[in-house]
Amino acid sequence: MACQSVAAVMDEQALLGLNPNADARYRQRAMAYFEQLKESQDAWEVCAEALAKGIYNDDHVKFFCFQVLEHQIKFRHAGLSAVQQQLIRETLMKWLQCQLMNAQPEKPFIRNKAAQVFALTFIMEYLTLWPKFFFDILSLVGLNPHGVDVYLRTLMAIDAEVVDRDILHTPEETRRNTLIKDTMREQCIPSLVESWFQILQTYQQSHPELTCQCLEVVGAYVSWIDLNLIANDRFVNLLLSQMSVEELREEACDCLFEIVNKGMDPVDKTKLVESLCQVLQSAGFFNVEQEEDVDFLAKFSRLVNGMGQSLVLSWTKLAKAGNVKDAAETLQAVEAKVPLLLQLLVHEDDDISANIVGFCYEYLHVLKQLPQLTDQQKTNIEAIMLAVMKKLTYDDEYNFENEGEDEAMFVEYRKQLKMLLDRLAQVSPELLLEAVRRVFTNTMQTWQTAPFMEVEVAIRLLYMLGEALPASHGAHFSGDTAKTSALQDMMRTLVSCGVSSYQHTSVSLEFFETVVRYDKFFIVEPQHIPNVLMAFLDQRGLRHNSPKVRSRVAYLFSRFIKTLHKHMNAFIEDILTRIQDLLELAPPENGFLALLTSDDQLFMFEAAGVLIVNGESPVERKQALMRSLLTPLMDAFRLLLAKLSQETEEERQAALADCLSHAVGFASRTSKAFSNKQTVKQCGCTEVYRDCLQTFLPALSCPVQRGVLRSSVRSFLHRMIICLEEEVLPFIPAASEHMLKDCEAKDLQEFIPLISQITAKFKRQVSPFLQQIFMPLVLAIFEVLARPAEDNDQAAALEKQMLRRSYFSFIQTIAGSGMNEVMANQGAENIERVVFTIIQGAVDFPDPIAQKTCFIILSRLVELWGGKDGMVGFPDFIYKHIVPACFLAPLKPTFDLSDAQTVLTLSECAVTLKMIHLKRGPEFIQFLQQEYLPSLQVSPEISQELCQVLQQPDVKVLKNYIKAFFQRAKL
């Protein structure tokens with residue numbers, strides 16, 4: 001044997017570094033040694049000898065040796081000599097033989113690694129060098145428990161490598177795996193199944209852990225082997241007997257689940273499931289109430305779910321195939337499982353209940369497809385409804401103030417129940433409506449004495465009906481009278497029975513959520529609005545003692561107001577007075593406990609704006625109300641800005657800047673109430689927003705906290721462009737000047753959309769301003785793009801890429817706005833500089849989004865300046881730079897013609913060529929044929945072909961041709 005000469009001489013010093021507690025020097029040496037052994041032609045053989053002879057007792061060394069062996073098999077197997085391959089096989093078998101004689105088994109992590117190495121060797125050699133792999137192992141281990149353990153672990157490791165569908169395989173590996181499975185089916189599967197039977201029978205008393213491992217193996221392999229080998233009386237009876245053994249029954253359940261889940265003929269599947277059910281039922285497993293072990297019941301529920309879903313699938317296939325008799329028998333089998341389904345669905349343990357939801361959902365889907373329901377089926381539907389209603393209920397342990405993992409799981413489980421409720425509504429909306437009405441009405445009659453969970457679930461059910469019973473745009477109170485009168489009755493009860501005073505956060509939240517979901521109810525019965533408004537405004541809502549409730553209610557209040565503002569006229573000023581303290585800007589001092597966060601206040605300001613703007617008071621009154629809403633913000637802003645410019649401590653500066661930013665945000669949010677300039681003028685609010693602008697703009701020149709301040713003022717300007725229109729224009733030049741000072745890539749990137757918005761909206765009106773700002777903006781962009789950055793600074797590279805895109809979009813907006821003069825009046829040198837950046841963007845930067853924009857700009861510039869009466873010298877520029885760009889960009893290796901975005905860029909490139917032909921005519925064709933294309937070594941035939949296509953009127957022909965042209969050129 002090749003390793004005899006080196007007699008297991010391993011680097012003992014390096015091996016010390018394998019201990020997790022070793023110091024770093026030894027650990028580094030161990031790593032280096034590992035690399036050396038992995039890469040060497042034969043040094044790894046010392047590891048093989050160490051394993052075969054059991055030289056080392058240290059677990060870390062044994063694991064290390066297996067890792068070295070694993071590397072050889074996985075990555076170097078083909079390069080090993082026949083003798084070395086034989087050595088690996090012998091090593092594994094000798095190691096296994098040692099296991100049979102050891103009094104104590106190896107640690108599980110070593111057995112798992114050994115199983116992995118066995119499995120890898122099997123995959124490499126089973127089809128060629130080691131066809132007797134399983135026979136060799138089985139004949140060696142017999143029924144020795146240590147040996148059987150390694151055998152079963154190896155089978156699971158093979159399953160992970162060959163069968164597991166969650167692991168991605170290459171097509172080559174998939175072909176190999178299929179071949180392995182086919183060969184195993186032919187040669188050894190019956191023997192393996194026999195070995196499993198012997199293991200299950202032999203060890204169920206003495207070694208339950210081995211029996212469980214074996215059950216796991218059967219469950220894993222059953223999906224791809226001949227089911228008759230397992231689904232027979234001998235094997236199934238053994239599994240069923242293990243369902244009664246406490247240590248084995250969970251695994252036995254899982255194993256039966258895998259058997260039931262195997263794809264097969266629908267009639268056979270029904271027979272298999274029914275025979276299993278019969279035995280389980282006669283063994284007493286269907287008496288769920290008598291079973292106390294919830295872990296087992298969760299597994300059993302999953303098994304019943306699998307059986308139920310299998311039957312539904314069989315029924316679907318048989319019904320589709322028109323097999324009436326078998327379909328009817330299968331449906332009968334499904335129906336027979338419903339009592340068991342209900343027992344599991346309503347079980348107090350949510351895991352047990354959740355595991356059966358799938359079957360329940362599919363059973364309802366079956367009922368939905370039936371032309372008519374029997375009385376029994378209607379009874380089943382009602383029973384499922386009651387079970388869902390019961391299970392939706394919170395339990396005492398639910399922690400509302402500090403929701404953890406258990407609470408999150410219950411929320412997820414509730415989502416599953418909601419799916420069932422929605423499906424119930426599809427099967428029988430009348431039954432659902434009636435059931436909810438019954439529960440709701442009974443609970444609301446006694447809400448004062450009922451526990452919170454019953455009150456919450458009653459309101460929750462009413463809320464859920466809103467999605468379960470569809471209505472277009474929430475119109476639940478028109479149309480079908482049975483539905484509308486039931487919902488109307490329940491809503492009337494909800495808002496008038498006093499339940500809004502119930503002292504529990506879950507009930508408070510559910511009350512307001514439901515009121516807002518059915519806000520259209522108040523259009524039908526507006527007399528209830530005052531009561532509900534009071535609930536929103538007092539300690540039941542916005543002044544509730546729970547911050548969670550206050551926060552959510554702020555949002556819901558703004559939605560309520562937006563829907564019903566037409567019915568609020570009589571209460572506007574009263575509401576504004578009551579919420580006045582909630583509209584105060586929280587000072588930046590620490591420790592100030594406001595009732596609402598600044599995010600919540602945004603909704604309050606929006607609601608206040610909506611009330612003022614949509615009210616019926618005279619213009620003067622609206623103006624006064626809006627001024628009294630905004631003046632405190634302006635006053636606070638001036639004060640805080642003065643403080644900020646004197647503040648030296650950075651933390652304090654940040655707090656002040658945040659506060660200033662909130663003030664601007666609140667003012668901005670009030671303007672959401674206006675739909676266009678008319679309403680701003682109609683309400684006489686132009687002046688107050690102009691005052692806001694004048695108050696906020698000085699923040700742009702503040703030397704500290706620039707990012708936060710600029711961002712908020714810029715957002716306000718965006719809003720004002722929409723609300724004030726040309727009234728905003730006098731403020732733009734000064735604002736722009738400040739925003740271009742000392743800016744970062746991000747500042748510019750956010751400033752450009754503002755200029756683009758102004759350009760698109762005001763066009764000619766802003767031409768003088770645009771001519772004035774064009775070069776300062778462009779130069780600021782160039783300066784930021786030219787700043788050096790670290791090679792590996794991906795964030796900076798991405799910022800620059802985004803700024804480059806924004807810059808090109810800006811040029812596109814200017815070029816496409818019809819204001820030729822903005823660029824034309826920048827002087828020849830500047831124009832040339834800008835247009836060169838466009839050429840550079842089209843060719844040099846591998847960013848198809850930016851490149852596409854650049855070609856759109858070039859096409860537009862050719863259209864503007866490329867004709868007879870165009871810009872002096874531009875035709876020359878077309879031939880020197882634009883035409884080459886149209887060919888050089890697609891020829892770049894980074895220009896990927898299989899990428900959809902790049903193909904769009906190529907289309908724009910074709911449009912540019914077409915535009916040049918349109919503007920320059922035969923002169924362009926002559927330039928291509930005689931000068932440019934020959935310089936690219938394009939043959940005269942292809943040149944002529946391209947020029948012919950260019951002259952055709954349909955640009956689509958050119959786009960298709962150009963793609964083929966460059967695909968050929970790149971071969």
Side-chain angles (χ1 to χ4, degrees), residues 286-289 297 301 304-305 308 334-368 370 373-396 398 410-411 413-447 449-469 482-483 486-487 489-490 493-494 506-507 510 514:
F286 285 18
N287 304 329
V288 173
E289 297 89 17
L297 267 185
S301 186
V304 176
N305 191 58
V334 172
E335 297 279 1
K337 309 294 168 291
V338 173
L340 180 58
L341 177 156
L342 286 165
Q343 284 186 71
L344 293 165
L345 184 63
V346 84
H347 196 282
E348 62 182 18
D349 185 280
D350 292 341
D351 289 339
I352 294 167
S353 176
N355 281 350
I356 200 77
V357 166
F359 173 31
C360 189
Y361 188 77
E362 293 192 8
Y363 170 62
L364 291 171
H365 187 57
V366 170
L367 295 186
K368 187 181 164 216
L370 299 177
L373 299 177
T374 64
D375 287 345
Q376 182 56 54
Q377 286 164 338
K378 285 179 185 166
T379 308
N380 289 347
I381 291 171
E382 292 205 41
I384 292 171
M385 276 179 201
L386 290 171
V388 170
M389 289 174 188
K390 183 179 173 199
K391 291 302 293 175
L392 275 167
T393 311
Y394 286 114
D395 60 21
D396 294 330
Y398 193 97
F410 182 69
V411 169
Y413 169 59
R414 256 188 158 190
K415 285 179 189 168
Q416 288 182 283
L417 294 175
K418 182 195 172 300
M419 279 170 33
L420 285 183
L421 202 83
D422 291 347
R423 185 42 64 91
L424 282 162
Q426 291 166 9
V427 180
S428 181
E430 306 78 22
L431 279 175
L432 178 64
L433 191 59
E434 198 37 58
V436 170
R437 185 182 194 163
R438 201 166 50 241
V439 171
F440 179 82
T441 310
N442 292 342
T443 310
M444 289 304 115
Q445 280 167 355
T446 57
W447 69 262
T449 53
F452 84 86
M453 57 280 278
E454 284 179 23
V455 182
E456 190 276 344
V457 88
I459 305 174
R460 176 82 175 186
L461 286 165
L462 170 56
Y463 176 84
M464 288 167 101
L465 281 180
E467 268 179 24
L469 304 172
K483 183 183 105 173
L487 282 174
D489 284 350
M490 286 190 270
T493 304
L494 178 72
S506 69
V507 176
E510 210 54 66
T514 307

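All residue numbers in this chain count up from 1 along the given sequence.
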Pairs under 3.5 angstrom only: tabulate donor-acceptor contacts from the side chains of residues 432-441 to other protein residues two or more places apart or in another chain.
residue: R437; atom: NH2; partner: D489; partner atom: OD2; Å: 2.6
residue: T441; atom: OG1; partner: R437; partner atom: O; Å: 2.6

Check: Under 4.5 Å between any side-chain heavy atoms of L341 and V304, yes or no?
Finding: no
Margin query: With side chain to side chain contact (heavy atoms under 4.5 Å, CB included) as the criterion, how do L364 and K368 come out once you've worked through the C-alpha distance, each side chain's angles and the decisive distance to 0.1 Å?
Written below: CA-CA 6 Å; L364 291 171; K368 187 181 164 216; over 6 Å; no
Checklist line | Test log, rule side chain to side chain contact (heavy atoms under 4.5 Å, CB included), inputs I352 and V288 | finding: CA-CA 11 Å; I352 294 167; V288 173; 5.9 Å; no
Checklist line | From V457, L417, T514, L392, residue fulfilling side chain to side chain contact (heavy atoms under 4.5 Å, CB included) relative to M464 | finding: L392
Next item on the list: Find the distance between CG (D351) and OG (S301) and round it off to the nearest 0.5 Å.
Entry: 9.5 Å
Next item on the list: Could you tell me whether the side chain of I384 reaches within less than 4.5 Å of the side chain of Y363, counting heavy atoms only?
Entry: yes
Check: If you measure from CG on L340 to CG on L345, what distance do you get to the nearest 0.5 Å?
Finding: 11.0 Å
Check: Quick one: does T393's side chain have a donor or acceptor within less than 3.5 Å of a partner on M389's backbone?
Finding: yes
Check: Do the side chain of K391 and the main chain of H347 share a donor and acceptor less than 3.5 angstrom apart?
Finding: yes
Notebook entry, point to check: Taking it one step at a time, do D349 and L297 satisfy side chain to side chain contact (heavy atoms under 4.5 Å, CB included)?
Noted result: CA-CA 9 Å; D349 185 280; L297 267 185; over 6 Å; no
Check: Would H365 and Q426 count as a side chain to side chain contact (heavy atoms under 4.5 Å, CB included) if you check the C-alpha gap in whole Å, the side-chain angles of each, and the deciding distance to 0.1 Å?
Finding: CA-CA 9 Å; H365 187 57; Q426 291 166 9; 5.8 Å; no
Item checked: Beyond-backbone contact of L373 with L367, side-chain heavy atoms, under 4.5 angstrom -> yes
Notebook entry, point to check: Are any side-chain N or O atoms of T374 and backbone N or O atoms of Q377, one a donor and one an acceptor, separated by less than 3.5 Å?
Noted result: yes
Check: How long is the gap from CG on N380 to SG on C360, to the nearest 0.5 Å?
Finding: 9.5 Å
Next item on the list: With sequence neighbours excluded, tell me which residues meet ring pair (Phe, Tyr, Trp, His ring centres under 6.0 Å) with Y394.
Entry: Y398, F400, F410
Check: Does any non-hydrogen side-chain atom of M444 lie less than 4.5 Å from one of I459?
Finding: yes
